[in-house]
Amino acid sequence: MPPSTPPTRFVYLGPEGTFTETALSRAITSTEGSHDPRPSVAAALSAVRSGDADAALVPFENSVEGSVPATMDGLADGEPLVITREVFLEVAFVLAVRPGTALADVRSLASHPHALAQTSRRLAELLPGAPPVPATSTAAAAAAVAAGEVDAAVCAPIAASRYGLEILADDVADHAGAVTRFVLVSRPGPLPPPTGNDKTSLVAVVGDRTGALLELLTEFSVRGISLTRIESRPTRQRLGVYSFSLDCEGHVAEARVGEALAALHRLCDDVRFLGSYPREDGRENRTVPAESADAAFADAEDWLARLRSGEL
Ligand SMILES: O=C(O)C(=O)Cc1ccccc1
């Protein structure tokens, strides 16, 4: 009998009732492995690094608020981890309190900084006297309300019911239809195979010279590769030294992407590969120009080999 593979141990930004938990359970059923909460993004990533877990689902960016710094920095630093999957979830926020609490009784309010930022205008109208306090997650804020540490939380409806809270206001987002992108990360291993509609993520530290960013972008542009995200992050070495975190269309197994990454390796002070994985945002990669397709690279390599061997 072949040895059975142990179930995958998934961890997620907890506690129970986070949007991240919902995103994980939509993407991966519990029959595919165990789902365990961790108290912070850093704790979820370190469980994977230490081998306590096989994969972690963490929030990466939001359509309204942008990237989640704890995730960006947690992936850019420390032992390498790679993204194997992306998951998108539309998020709707509620204002939750202990049963019987009226709006006028609310003196303090907590949530994840991304949730607070996405609801700030509406909450300023509803609760002008309640200063927002950051929490490690929306569900951690709901748990703090249940424990009597704070009066109200901005969280998912599921967190309100999980912690026995009452909903004072529904849909408190300033912009309807906000979508959060989550990523599933693992220790480096075999990559998900190319599907023809993939993304590749990386972090590059460019040298301190004129045109360095333009040179980086050129390596993608000349190979017909479209970027789907780019942003700068401080490297935390000293003021003025930045890394660029970016996603591009394509899989590192494709010649154009592999060659662009190899060029970045020559050009940049540091390049960290963060994975190639299927695109799941419902969009299709652009058509690869004929001169950037794998066949064109193979043909050019063949031509060069013949030229070098004196055959041409
Ligand atoms: O998953 C959660 O509940 C979080 O706290 C992170 C988050 C915050 C805001 C929107 C989506 C995810």
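None of these values were measured; they are calculated from a predicted model. When a ligand or atom number is given, it counts from 1 through the structure's own listing order.
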Same cluster (ILVMFWY, side-chain, under 4.5 Å), Val179 and Val154: no

Using a plain distance cutoff, I'd like to know if Thr138 has any nitrogen or oxygen under 3.5 Å from a nitrogen or oxygen of ligand 1. yes

Are any of the N/O atoms in Ala139 less than 3.5 Å from those in ligand 1? no

Using the rule given for salt bridge (charged side-chain N to carboxylate O under 4.0 Å, His left out), can you reason through Arg121 versus Glu125, listing the C-alpha separation, both sets of side-chain angles and the distance that settles it, and then say yes or no? CA-CA 7 Å; Arg121 263 189 282 141; Glu125 287 161 18; over 6 Å; no

Have Glu21 and Thr18 got a donor and an acceptor in their side chains that come within less than 3.5 Å? no

Distance filter under 4.0 Å to Ser137 heavy atoms, resulting ligand 1 atoms: 5 (O)

Of all protein heavy atoms, the one nearest atom 8 (C) of ligand 1 is His112 ND1, 3.7 Å

Using distance alone, with no hydrogens and no angle criterion, decide if Thr195 and Arg279 have a side-chain donor and acceptor under 3.5 Å apart. no

For the pair Ser25 and Tyr12, evaluate side-chain hydrogen bond (donor to acceptor under 3.5 Å, both in side chains) and give the outcome as yes or no after the intermediate values. CA-CA 10 Å; Ser25 58; Tyr12 62 90; over 6 Å; no

Give me the residue, atom name and distance of the protein heavy atom closest to atom 1 (O) of ligand 1. Thr20 OG1, 2.6 Å

His114 N/O to ligand 1 N/O under 3.5 Å: no

The protein heavy atom nearest to atom 11 (C) of ligand 1 is Thr180 OG1, 3.4 Å

Within the 4.5 Å heavy-atom criterion, are Pro15 and Ser137 side-chain neighbours or not? yes

